[in-house]
Amino acid sequence: MPLPSKFQREDDSEPIPHPPRYKEHLQILTADLKLAYKALYEAIQPIPYIQDRLYCVDKVFIEGGSEEWVGDGTFRGKGTSWVRLESYKNIYTNPPGKPVRYIIQADPGFGKTTQTLQYTFNWSTGVKGSPFSDVQLLIYLRLRQLRGVRSLAIAIRRYLLPKSCQLKIADIREILEHTTSLAIILDGWDEYPELDTELGGYMRDIITARASPNHDVTLTTRYLPKQFLATARRVRLTGFDDQARDQYIRKAVVGDNDEAVEQIKQRLKDNPILADLCQVPLFFVMFAHLAHENEEFKKFRSVTDFFSFMIKCFHEHLNNKGRDLNVKRPSRRYDSEHERLSTLAYEGLSKPDQQIVWEKEQLIRRLGREFYEHYKRIGMLVDEEVITDQTTADNSDVYTSEIRFYHKLFCEWYAAYRLAELAVTLDKGELLRELKKLDPYDLQYLYRFACGLNPAAGKKIISYLQSIEGGEKFAVLCILEQTGEVDDIKETVRKLCADTVSIKRGDTKLLQRSTVQLLDIASGHKIPTSRLHLNGCVSEAVAPGGNILLNSGLHVPPSTTLETIEITGKNLDISEEKMIGLLAYTEKCERLKKLMLQCLLPLSAVPVGKIPPSLKTRNVEVLLLSLGELVYHLNLIQGKWVKHGSGTAQIGGYAELNGGTNDEWTVRELTRASAAGIPIAQVDIDGCRPVADQSGSSLALRRPQLSLPILSTLQQLLIWDSGRRMDNTEVVGILSYTVQCTAVRELEFGGQTLPDRVQGAESTLITLRSRNVSVKWHHGPTKHLNLLSGRWETEKERDQRERHEKRERQEQQQ
């Protein structure tokens, strides 16, 4: 018996009989879907203005980086639980018979749509071993088209099947109900017209599995939906690294012409200001084609400079076509006269709910038909047919056209002209009100372009950015856009890099990106960076390509002027292979003196042959810390981790075990600190229901299943378990554990119900008493354990007893 497909429902119920014409209708639907998908995947347009050069997706698709979230299902925390996937094919690896909701998340231009079109190609052409290759039906829908659509069958009939198709909506609905081998791709949740309205309920029902619960559904989006299935599998795309860029150049631009490949790569090296932009696949693709095909390609001073060149190429290509015989020459004045388009773009981006799509006739009324046709011909504006809410007299659908920019970044480019104009004409209060409408974390290039287009406007905008939280580093990039000269910002960069440069968990992606570019500027212009602290933000110590990968998907390349780097990560597990890669990364940081690690790390020896010789000659220190204190250093001659000498460690910090994903790391670090003789001030065990083993030599944590060993340097232990009822044996076990943690001076219980008296632990109580250990219980009024009688006492009772004992001692002395 064949194994069930992973996309097929697996249960013990009898199969539902198929309708009489089911197989015939299924064949028709399958054939028409493949024709519809072919029209989409054979129309890939790497450069929008070259509309007569279209590619099949399989000829240009290159895998960028992708990561999967392995957290607790909430998705919205600031954790760092992203794990790199070896291939986009690894997204779909769930067991058969268990329908899954997949969320593929990425910024615009990172290839969400291209990847899903590759899926349609694989399915349509029967590529074996690819995602969806074993699916009977694959439904691919672009959500931006589905205004007013209330069922999957209607969407398929309207947008995927030809008007001549004989299938009716009822036939399609019948197929969907009886086909168990079915997968659905919904592309562009953030572009869905009814995203935040009651009318969008049907699509939300699909995402949350209230509709189509027995089918796999893949959703692509810029950001997480407000409602989604808690068990959804979440993946994000992280863009192109050096290897992916090389593959694209060879596959889609120059073939195996090594000289041409190196020329394009050299042009990217000559333009370091574009390095961040070219992590975005869409813009690297345009860069690669322009760099190969345009003899005037030059070194650009700024992103504004590059965009200005690119827009010029758009217009020049159309003007060159106008030189052909019997071809109407385009008007050159539209190259520079675009005030109405700039105003339209700015108005759209400054709305609370940004508008980046316009109804065609409305847009033509504002821009003029000739202007619209010009910008459509150069590929800047894209026309798309959608269905309205209206119907004709015979109940047929009424179609209309909507217009959008080829990419949102082009919308930001034209909006920047309007922003620059407002910045020089409005007074300070009016400009502040305008800028507060524009989130720099979402519209960073709008700000950068405006500064680059108009120096006077840039001065006011930069002043505003420097006044907002986290804006100082971003302002540096805007200054660079304004002048194109690093000399103008060297002092600012030198000042920022003189102290610790920090990238931490919870920083916005804009702040992280600005910091990375700041490091690039410092490195490229020999400005020393004293210390870089990557705090809880590293996803992968060394990713393919040799860079450190952040949890935001950004890459931190080696810096030639960095002196110290510290990497802290509770969930960051550095394997031996990654440690070797990190040492290679350190070698490229030519001035680095110290590498400090506070993360999960095997203490096995590093092969001496894998340690770069220059690290030894430069006397680079490689240090492992626990709870912020030095525990081990790597002997670069022997490749062994050596315990740090006594007398150097200081008081360790506070540690918490709360049943979260960090507990394994915390237990490991506590063990290391104890073994290294570092005093641990306090450990708080909250909600983990610890139980000591028979000998009291460890505490078993029931949530999660971990074991906390004896900590010989622990000074204070707090155990909080709200609502838990502990018996005498459990209390005695924890007291026994405390005795063996020989440095403990205080033990506290909180929230539990304990027996009124501890029995059968006389020797344990005697030991605790001899060490003056304080044992407290917080459940109502705080109580103290009488280490002589084993009874719990209120503070009043304890004070009375102690006064009584004191009088007795005095009387005996007399």
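All residue numbers in this chain count up from 1 along the given sequence.
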message: With a 3.5 Å distance limit and no angle check, can you tell me whether R448 reaches the backbone of F474 through a side-chain donor-acceptor pair?
response: no

- request: Find out whether Y192 and L186 are in side-chain contact, i.e. whether some heavy atom of one side chain is under 4.5 Å from a heavy atom of the other.
  value: no

- prompt: Of V100, V235, T218, which meets side-chain contact (heavy atoms from CB on, under 4.5 Å) against I91?
  reply: V235

statement: To the nearest 0.5 Å, atom CD1 of I185 lies from atom CG of L117 at 8.5 Å

message: One pair to check against side chain to side chain contact (heavy atoms under 4.5 Å, CB included): L219 and L143. What are the steps and the verdict?
response: CA-CA 10 Å; L219 179 76; L143 283 167; 3.9 Å; yes

- prompt: So, for S66 and T238, which heavy atoms are closest and what is the spacing to 0.1 Å?
  reply: N-OG1, 3.8 Å

message: Show the nearest heavy-atom pair for residues A244 and I62, with the distance to one decimal.
response: O-CG2, 3.6 Å

- prompt: CD1 of I175 to CG of L137: how many Å apart, nearest 0.5 Å?
  reply: 7.0 Å

field: 4.5 Å side-chain heavy-atom contact, R144 and R404
entry: yes

- request: Say whether, by atom type as modelled, one donor and one acceptor occur between the side chain of T220 and the main chain of G188 under 3.5 angstrom.
  value: yes

message: Would D58 and T125 count as a side chain to side chain contact (heavy atoms under 4.5 Å, CB included) here? Give the steps.
response: CA-CA 11 Å; D58 195 52; T125 58; over 6 Å; no

query: Given side chains that start at C-beta, do those of R513 and Q517 come closer than 4.5 Å, heavy atoms only?
result: yes

field: Under 3.5 Å donor-acceptor, D190 side chain and R222 backbone
entry: yes

query: Parallel, tilted or perpendicular: which describes the rings of F314 and F410, with under 30° parallel and over 60° perpendicular?
result: tilted

message: Please find the pair of heavy atoms, one from A475 and one from I462, that lie closest to each other, and give the distance.
response: CB-CG2, 4.2 Å

task: Determine, stepwise, if the pair E361 / R369 fulfils salt bridge (Lys or Arg N to Asp or Glu O under 4.0 Å).
output: CA-CA 9 Å; E361 292 306 317; R369 186 170 295 277; 3.6 Å; yes

- prompt: Between D171 and K168, is there a donor-acceptor pair closer than 3.5 Å when you use the side chain of the first and the backbone of the second?
  reply: yes

query: Can you tell me if R418 uses its side chain to pair, donor with acceptor, with the backbone of L344 under 3.5 Å?
result: no

field: Exercise: identify the closest heavy-atom pair between R173 and S151
entry: NH2-OG, 3.8 Å

message: I need the L443 CG to Q354 CD distance, nearest 0.5 Å.
response: 5.0 Å

Smallest separation among heavy atoms of R204 and R210, with atom names: O-NH2, 4.5 Å

- prompt: Which word best sums up how the rings of F307 and F283 line up, parallel for under 30°, tilted for 30 to 60°, or perpendicular for over 60°?
  reply: tilted

query: Which atom names give the shortest non-hydrogen contact between V135 and W123, and what distance separates them?
result: O-NE1, 2.9 Å

query: Is a donor on one side and an acceptor on the other found under 3.5 Å between the side chain of S350 and the backbone of K437?
result: no

field: Heavy-atom side-chain proximity of V149 to L141 below 4.5 angstrom
entry: no

- request: Evaluate the side chain to side chain contact (heavy atoms under 4.5 Å, CB included) criterion for residues R366 and T343: first the C-alpha distance (whole Å), next the side-chain angles of each, then the deciding distance (0.1 Å), finally the verdict.
  value: CA-CA 10 Å; R366 289 198 61 174; T343 300; 4.0 Å; yes

message: Could you tell me if the side chain of I156 sits less than 4.5 Å from the side chain of L176, heavy atoms only?
response: yes

field: Expected output: side-chain Y447 to main-chain L438 donor-acceptor under 3.5 Å
entry: yes

- line: Here the gap from R340 atom CZ to R365 atom CZ, rounded to the nearest 0.5 Å, amounts to 14.0 Å

- request: Go through the structure and list residues passing ring-ring contact (aromatic ring centres under 6.0 Å, His included) with Y445, not counting sequence neighbours.
  value: F449

- prompt: Considering only heavy atoms from C-beta outward, does the side chain of S212 approach that of R101 to under 4.5 Å?
  reply: yes

message: Nearest 0.5 Å, please: how far is CD1 in I249 from CZ in F287?
response: 8.5 Å

query: With under 30° as parallel and over 60° as perpendicular, where do the rings of Y417 and W413 fit, or are they tilted in between?
result: perpendicular

query: How about L290 and C313: do any of their side-chain heavy atoms sit closer than 4.5 Å?
result: yes

field: Stepwise salt bridge (Lys or Arg N to Asp or Glu O under 4.0 Å) test for R233 and D216
entry: CA-CA 11 Å; R233 189 170 180 183; D216 278 38; over 6 Å; no

- prompt: Is a side-chain donor or acceptor of K112 paired with a backbone partner of A106 at a separation under 3.5 angstrom?
  reply: yes

field: Aromatic plane relationship, Y248 with F240 - under 30° parallel, 30 to 60° tilted, over 60° perpendicular
entry: tilted

message: Looking at R157 and C165, would you say the former's side chain and the latter's main chain have a donor-acceptor pair under 3.5 Å?
response: yes

Donor-acceptor contact present, side-chain E481 to main-chain T304, <3.5 Å: yes

- prompt: Is it true that the side chains of Y464 and E434 contain a donor and an acceptor less than 3.5 Å apart?
  reply: no

- request: Begin from the C-alpha positions of H338 and Y375 and carry the test side chain to side chain contact (heavy atoms under 4.5 Å, CB included) through to its verdict.
  value: CA-CA 10 Å; H338 47 70; Y375 274 78; 3.7 Å; yes

message: I'd like to check L363 versus Y372 (side-chain heavy atoms, cut-off strictly below 4.5 Å). Are they in contact?
response: yes

message: Using a 6.0 Å cut-off, check whether atom NZ of K251 has over 12 heavy atoms from anything other than its own residue.
response: yes

From E67 atom CD to R234 atom CZ, the distance as rounded to the nearest 0.5 Å: 10.5 Å

- request: Using side-chain contact (heavy atoms from CB on, under 4.5 Å) as the criterion, point out the one residue from Y41, Y140, F132 that pairs with S124.
  value: Y41

